[in-house]
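In each ligand, atom 1 is the first atom listed, and ligand 1 is the first ligand listed. Heads up: numbering here begins at 1 and tracks the sequence.
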Amino acid sequence: MSERPSSSSASNPVALITGGSRGIGRAIGLAMARQGFDVCFSFVSNEKAAQESALQIQKTGRRAMAIKADVASQSQVKAMFQTLKAAWGRLDAVVNNAGIVGEPRSLMDASQDHLAQVFQTNVLGCFFVAGEAARLMSTQQGGKGGTIVNMSSIAARHGGMVNEAHYAASKGAVDSLTLAMAKELAPHGIRVNAVRPGLIQTEIHEIHGGQELLDRIGPAVPLGRVGGPEEVADLVAYLLGPKSSYVHGALIDVSGGR
Ligand code: NAP
């Protein structure tokens, strides 16, 4: 965990973002900091990237806290929430962002370990984080309510790339979970939505072709290009903020028309 002093006060709203060390999660952390939030984020292994994210947040004048926690582990997720609660004592907004694509693999080569890795991170991770977040924010349990955004993908509706059924199906589950959360958590004062990015310029694509893949598919996107992490982050920040007060249970594409 890393926390450095800044000019923020303990009364600032607090956002928690899973997978905030790189890519879309880093951009969300920065967007939330610019919106006045202190930002706690998790990472799983890349300490250096986590430090860089924390520095960028602190440069906005907000507090940053990086916590190493694997979302696929319920005990690590619980510990992350305990650390945040003990350190800052409040939680207002949560982004279930951490996710992996998993090695491309035909259905004919499916294996229990491969599927478990993807579903444990992308789906079970969302359940673990949602449960802890709901417990802290629920107006029925002494909390002040809050907002949650789940990071899905347009793969949930178009089936994803060839040999990536595991990823598409995991994001389909994130969509269903979002709809269920919206029903269950509204009486607890918690607003829930999902964002479904298309092709976004991040390191997640290294596992299935990297820049070559982005260069090849990008021009076929109706807007003619790959998106930037900030273009997803701006939508997430809107959904976590007061201006989206009547947006609930929505699955919103940010995909350049793809
Ligand atoms: P990325 O650049 O690969 O970054 C992934 C982030 O998640 C990193 O911060 C990583 O931490 C963290 N992470 C990975 N596994 C984790 C785990 N088990 N526990 C905790 N943190 C973990 O990915 P991205 O492109 O920003 O993707 C973010 C989300 O957007 C994912 O859910 C992804 O499925 C979704 N998405 C992305 C795209 C796209 O085109 N990029 C499109 C649709 C949806 P470390 O730095 O420690 O590894």
Legend entry - Ligand-side contact atoms (ligand 1) for residue partner Met151, heavy atom cut-off under 4.0 Å: 29 (C), 30 (O), 32 (O), 35 (C)

Legend entry - Cationic N near anionic O, under 4.0 Å, Glu52 to Lys48: no

Legend entry - Donor + acceptor pair across side chains of Asn150, Thr178 (<3.5 Å): yes

Legend entry - Whether His166 side chain and Val101 backbone form a donor-acceptor pair below 3.5 Å: yes

Legend entry - Closest protein heavy atom to atom 21 (N) of ligand 1, given as residue, atom name and distance to 0.1 Å: Ala98 CB, 3.5 Å

Legend entry - Sub-4.0 Å heavy-atom contact, His205 with ligand 1: yes

Inset, instruction - Heavy-atom contacts with Gly19 under 4.0 Å: which atoms of ligand 1 show up? List them by number with element. - result: 6 (C), 7 (O), 9 (O), 12 (C)

Inset, instruction - For atom 37 (C) of ligand 1, grab the closest protein heavy atom and report residue, atom and distance to one decimal in Å. - result: Ile24 CD1, 3.7 Å

Inset, instruction - Compute whether any side-chain donor of one residue and acceptor of the other, for Arg62 and Asn12, lie under 3.5 angstrom apart. - result: yes

Inset, instruction - Among all protein heavy atoms, pick the one closest to atom 43 (C) of ligand 1 and tell me residue, atom and distance. - result: Pro197 O, 3.4 Å

Inset, instruction - Around atom 31 (C) of ligand 1, find the nearest protein heavy atom and jot down its residue, atom name and distance. - result: Asn97 O, 3.2 Å

Legend entry - Atom indices of ligand 1, in the order listed, that fall short of 4.0 Å to a heavy atom of Gly198: 38 (C), 39 (C), 40 (O), 42 (C), 43 (C)

Inset, instruction - Using atom types as modelled and distance alone, determine if a side-chain donor or acceptor of Glu231 lies under 3.5 Å from a backbone N or O of Gly228. - result: yes

Inset, instruction - Check ligand 1 against Ala69 and write out every atom of the ligand that is under 4.0 Å from a heavy-atom position of the residue. - result: 19 (N), 20 (C)

Inset, instruction - Using atom types as modelled and distance alone, determine if a side-chain donor or acceptor of Arg26 lies under 3.5 Å from a backbone N or O of Ala49. - result: yes

Inset, instruction - Provide the number and element of each atom of ligand 1 under 4.0 Å from a heavy atom of Glu203. - result: 2 (O)

Legend entry - Close approach, Phe41 and ligand 1, non-hydrogen under 4.0 angstrom: no

Legend entry - For atom 34 (O) of ligand 1, the protein heavy atom that lies nearest, with its residue and separation: Tyr167 OH, 2.6 Å

Legend entry - Contact partition for Arg196 relative to ligand 1, non-hydrogen atoms under 4.0 Å: neither

Inset, instruction - If the plane angle is over 60° it's perpendicular, under 30° parallel, otherwise tilted; pick one for Phe43 and Phe41. - result: tilted

Inset, instruction - Please state which part of Lys171 comes within less than 4.0 Å of ligand 1, counting heavy atoms only: side chain, backbone, both or neither. - result: side chain

Inset, instruction - Among all protein heavy atoms, pick out the one at the shortest distance from atom 41 (N) of ligand 1; state its residue, atom name and that distance to 0.1 Å. - result: Thr202 OG1, 3.1 Å

Legend entry - Salt bridge flag under 4.0 Å for residues Asp175 and Arg196: yes

Legend entry - Ser152 and ligand 1 - part of the residue with a heavy-atom distance under 4.0 Å: backbone

Inset, instruction - Taking all non-hydrogen atoms of both residues into account, name the closest pair between Leu240 and Val94 and its distance. - result: CD2-O, 3.8 Å

Inset, instruction - Without swapping roles, check the side chain of Thr18 against the backbone of Asn97 for a donor-acceptor pair under 3.5 Å. - result: yes

Legend entry - For the student: nearest non-hydrogen atoms of Val77 and Asp70, plus distance: CG2-O, 4.0 Å

Legend entry - Gln112, CD: over 12 other non-hydrogen atoms inside 6.0 angstrom: no

Inset, instruction - Report, in ascending order of atom number, the atoms of ligand 1 lying under 4.0 Å from any heavy atom of Asn46. - result: 45 (P), 46 (O), 47 (O)

Inset, instruction - Using atom types as modelled and distance alone, determine if a side-chain donor or acceptor of Thr139 lies under 3.5 Å from a backbone N or O of Lys144. - result: no

Inset, instruction - Please report which non-hydrogen protein atom sits nearest to atom 10 (C) of ligand 1, along with the residue it belongs to and the distance in Å to one decimal place. - result: Arg22 NH2, 3.8 Å

Inset, instruction - For Leu199, counting its heavy atoms only, list the atoms of ligand 1 lying under 4.0 Å from any of them. - result: 40 (O)

Inset, instruction - Please could you name the atoms of ligand 1 that Ile204 approaches to less than 4.0 Å, counting only its heavy atoms? - result: 2 (O), 3 (O), 23 (O), 25 (O), 27 (O), 33 (C), 34 (O), 39 (C), 41 (N)

Inset, instruction - Check Ser45 against ligand 1 and report side chain, backbone, both or neither, counting heavy atoms closer than 4.0 Å. - result: both

Inset, instruction - Considering only non-hydrogen protein atoms, determine which one is nearest to atom 18 (N) of ligand 1 and report residue, atom name and distance to 0.1 Å. - result: Asp70 OD1, 2.8 Å

Inset, instruction - Return the option from Ser21, Ala27, Ala72 holding the heavy atom at the smallest distance from atom 46 (O) of ligand 1. - result: Ser21

Inset, instruction - Using non-hydrogen atoms of the residue, decide whether Pro229 is closer than 4.0 angstrom to ligand 1. - result: no

Inset, instruction - Working to the nearest 0.5 Å, report the span between CD of Gln51 and CD of Gln58. - result: 10.0 Å

